4 protein chains.
Amino acid sequence: MSDKKERILQATEKLLAEYGFHGLSMQMVAKEARVAAGTIYRYFEDKDDLLYQLHDHILGYVANKLTANVNDEMPIEQQFRTMWLNIWNMAINGDAPLINRGQFENLPRRNSQEQRRLEKTMFAKVDTMFNQGKADGVFKDLDNEILSALGLEPSACLARKHVNGVYAVDDEALNATIDACWDAIIKHK
Amino acid sequence: MSDKKERILQATEKLLAEYGFHGLSMQMVAKEARVAAGTIYRYFEDKDDLLYQLHDHILGYVANKLTANVNDEMPIEQQFRTMWLNIWNMAINGDAPLINRGQFENLPRRNSQEQRRLEKTMFAKVDTMFNQGKADGVFKDLDNEILSALGLEPSACLARKHVNGVYAVDDEALNATIDACWDAIIKHK
Amino acid sequence: MSDKKERILQATEKLLAEYGFHGLSMQMVAKEARVAAGTIYRYFEDKDDLLYQLHDHILGYVANKLTANVNDEMPIEQQFRTMWLNIWNMAINGDAPLINRGQFENLPRRNSQEQRRLEKTMFAKVDTMFNQGKADGVFKDLDNEILSALGLEPSACLARKHVNGVYAVDDEALNATIDACWDAIIKHK
Amino acid sequence: MSDKKERILQATEKLLAEYGFHGLSMQMVAKEARVAAGTIYRYFEDKDDLLYQLHDHILGYVANKLTANVNDEMPIEQQFRTMWLNIWNMAINGDAPLINRGQFENLPRRNSQEQRRLEKTMFAKVDTMFNQGKADGVFKDLDNEILSALGLEPSACLARKHVNGVYAVDDEALNATIDACWDAIIKHK
DNA sequence: AATGAATGAGAATTCATTCAT
DNA sequence: CATGAATGAATTCTCATTCAT
């Protein structure tokens, strides 16, 4: 991807995370990316297109990070814990600053093929894991959307609170929390 | 509260839910609330103040709804299920449309006393429930913030998916999901 | 019509006549009309609408001037000469500066009812005159559009040259020219 | 003239005729002429210069067409009718599309020598014809500018209406119109 | 000579806020 | 108190022009 296009996307993400939508002007993006205002329009139709493409860009990044170091040879629980921590670490490190802020969901979306493809990619391994867990009789017989809300969502939610300074989580609590998420999705006789 | 002020707040909430921040102009709020543009400024300092006050207004509403039909005489599990369903129903009914959209968290906040007070009120009964559950040895020994992320957050998360049409939840699955949340927060010997 | 709207239309006409389309910015119109830029948009949808409305406005003015002091009781030749001179004087006096410049025809048009109505009004008396002249056996048996091109168009054409300083016409030549236009449209045995 | 320069001029004329001044950007000219944007600036100072040169270019073309098949050996009336039809045909055929649209007169002009020379050339034969007609006692004793407005202008005016679809002229009417123009400029006993 | 990416000044338009009525 | 016309700064986007390759 062109150096300038990449810089523009990164500048946009940074400004959005820092100032929110209200504070996002094309002039500021241009300044932050060290390009002229008009240059943005060589790479993006208009402001909406910039935000659409940013959405896809972040989604791709997250899809990649989420399933890092996960493969379906690993025991299910290890797969689960790895993903849980991948989400946590991504949020804590500020890798994808928009995710923390809950502003990512508010990016305007289009139903582009690219996005569909990325979303499929993103959840492929997650789906595989949940399906495998259910086949093994370890997980509750619930749809993957629900298992995801029970098991992984709290990671993002808690990381958000942690990063925002609302509430600090220490390592011991973190492990206990992962265990609790595991409790939520597994069958208890 | 003055009739006009109330109308302005409701108009703002409706427009925000429908069109998002991008489409919220003071002129539109005035029109929707059937007042003159200048009138808004008799009740609100400026646009930011309107959004701050809307935040507090919604928070108060939600705090109220969340703990409806809950009292600490009830068995813990019943308290928990009631709150869980209060959240779910509020979201499903579109009572507080901003909550569904995840736009509530993006309202600008100030650290007003009013807000702190409301937040305390909001979580007082929730805190009481969690504390009681821990004292009884039923709940895991985790901070209330974590218990909340494990037990109640999935309700809001799932309701969001449901309302957005991403994923439909039937009654049976709903009950199983509440059970799973309960599994997340209770001790398993 | 609102004082401000009238001022905006006049400012637009003046600037167009003076600087052409190239030099017509909304800021300049606002300045010339002594209103704020935003005020223009209370009276006109956008720039195109301003030009559309200007077209109608001028057309109404011209329709009125063209047939001033003409009624169908007058001898045909007097009606014709009056109209011819109405065109000439309007152009010479700079009453409708856009007409001189040939820029009027280049105003963007819409097919509004108002415009159709005005155009009908404009040519009603002209049509009546030509029809009467043909009925009397004085005029050639040609369509009114052609009679207009032969008899009245040269007035506008010459006035344009006169005003632009390309060529000066004195009173004697003027009368001879009207006679020549008359020659163009009447039958010669 | 360089192939590229010619292509640029033609592209400009086409785009002007099709979209008007509003839609004429250097990028579009470049694209239409199949050259790079920067290349235009090797042949033309700037956008104004491009339009100046286009004016001269068209004027030269028109000057040439106007007096095609005309020489001062021919009878006056035949010279006149030939020129009249040259104008008519040029307009009808869309040879010089800007002329029809009345946009030609709105091209920015400079008082260049080249232009003066071309205008002289253009009217040399016309002047000769009018002078000869007056010397023969056939034409009215009016300045050539006036004779031109009376005799030739209606050709352009009518062709414009014809091309714009406002009014259709058939062959019979066309001949009658030329006769009427002749009536306008000749002496009647 | 030719290219076309990059520039940045300038244009149209919006909208929070004010203030005379 | 309430109004809503008016304001003008700020925003998005365009496009003539330049210049490194």
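All values derive from a computational prediction rather than experimental measurement. Here is how names work: the chains are called A, B, and so on, in the same order as the sequence lines, proteins then strands, and each is numbered from 1.
The side chain of B:Val35 lies closest to F:dT3 when the candidates are F:dT3, E:dA5, F:dC13. When each of E:dG8, F:dA16, E:dA11 is scored by its nearest atom to the side-chain atoms of D:Ser25, the top-ranked nucleotide is F:dA16. Which of E:dC15, F:dC13, F:dT3 sits closest to the side chain of B:Gln27 comes down to E:dC15. Here F:dT12 is the nucleotide among E:dA11, F:dT12, E:dT7 with the atom lying nearest to any side-chain atom of A:Met26. Considering only side-chain atoms of C:Arg42, the nucleotide from F:dA5, E:dA1, E:dT13 that sits closest is F:dA5.
Atom CZ in C:Phe21 sits roughly 22 Å away from atom P in E:dG10 (whole-Å rounding). A:Asp46 places its CG atom 9 Å from the C1' atom of F:dT12, with the value rounded to the nearest Å. Rounded to an integer number of Å, the gap from CE of C:Met28 to P of E:dA12 is 10 Å. Separating the CD atom of D:Glu32 from the P atom of F:dC15 is a distance of 16 Å, rounded to the nearest angstrom. Protein atom CG of C:Asp49 is 14 Å distant from nucleotide atom C1' of E:dA12, rounded to whole Å. One can place NZ of C:Lys5 at 13 Å from P of F:dA6, the figure rounded to the nearest angstrom. Between D:Leu24 atom CG and F:dA16 atom P there is a gap of 7 Å when expressed in whole angstrom units. Rounded to an integer number of Å, the gap from CG of B:Asp48 to C1' of E:dT17 is 13 Å.
When all heavy atoms of A:Arg34 and A:Arg7 are compared, the pair lying nearest together is O-NH2, 3.1 Å. Of all heavy-atom pairs spanning B:Val29 and B:Ala11, the tightest one is O-CB, 3.9 Å. The minimum heavy-atom distance linking C:Lys47 with C:Leu24 is given by the pair NZ-O, 2.7 Å. Shortest non-hydrogen contact noted between D:Val163 and D:Ala91 is CG2-O, 3.7 Å. A pairwise comparison of heavy atoms in A:Ile8 and A:Ile40 identifies CD1-CA, 3.9 Å as the closest pair. The heavy-atom pair separating C:Met26 from C:Asp46 by the smallest distance is CE-C, 4.5 Å.
Within 4.0 Å of D:Ile40, counting heavy atoms only, lies no atom of the nucleic acid at all. Within the 4.0 angstrom heavy-atom criterion, base atoms lie near B:Thr39. The residue A:Leu50 sits apart from the nucleic acid: no heavy atom pair falls under 4.0 Å. Note on A:Phe44: nothing from the nucleic acid sits closer than 4.0 angstrom, heavy atoms only.
Of the residues near DNA chain E, B:Lys47 and A:Ala36, the one whose nearest nucleotide (by heavy atom distance) lies more toward the 5' end is A:Ala36. Projected onto DNA chain E by closest heavy-atom contact, D:Tyr43 and B:Ala37 fall at different nucleotides, the more 5' of which corresponds to D:Tyr43. Both A:His22 and A:Gly38 lie close to DNA chain F; mapped to their nearest nucleotides by heavy-atom distance, the more 5′-ward contact belongs to A:His22.
For NZ of B:Lys5, the number of neighbouring non-hydrogen atoms (other residues, nucleotides, ligands) closer than 6.0 Å is greater than 12.
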Self-check item: Nucleotide-level pairing of DNA chain F, given in dot-bracket where Watson-Crick and G-U pairs need both distances under 3.5 Å and | marks other strands
Solution: .||||||||||||||||||||

Self-check item: CA sep, side-chain torsions, deciding dist, call: C:Tyr43, C:Asp49, side chain to side chain donor-acceptor pair (under 3.5 Å)
Solution: CA-CA 9 Å; C:Tyr43 298 101; C:Asp49 186 45; over 6 Å; no

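Listed pair B:Lys4 / F:dA2 meets the phosphate criterion, a side-chain N or O lying under 4.0 Å from OP1 or OP2.
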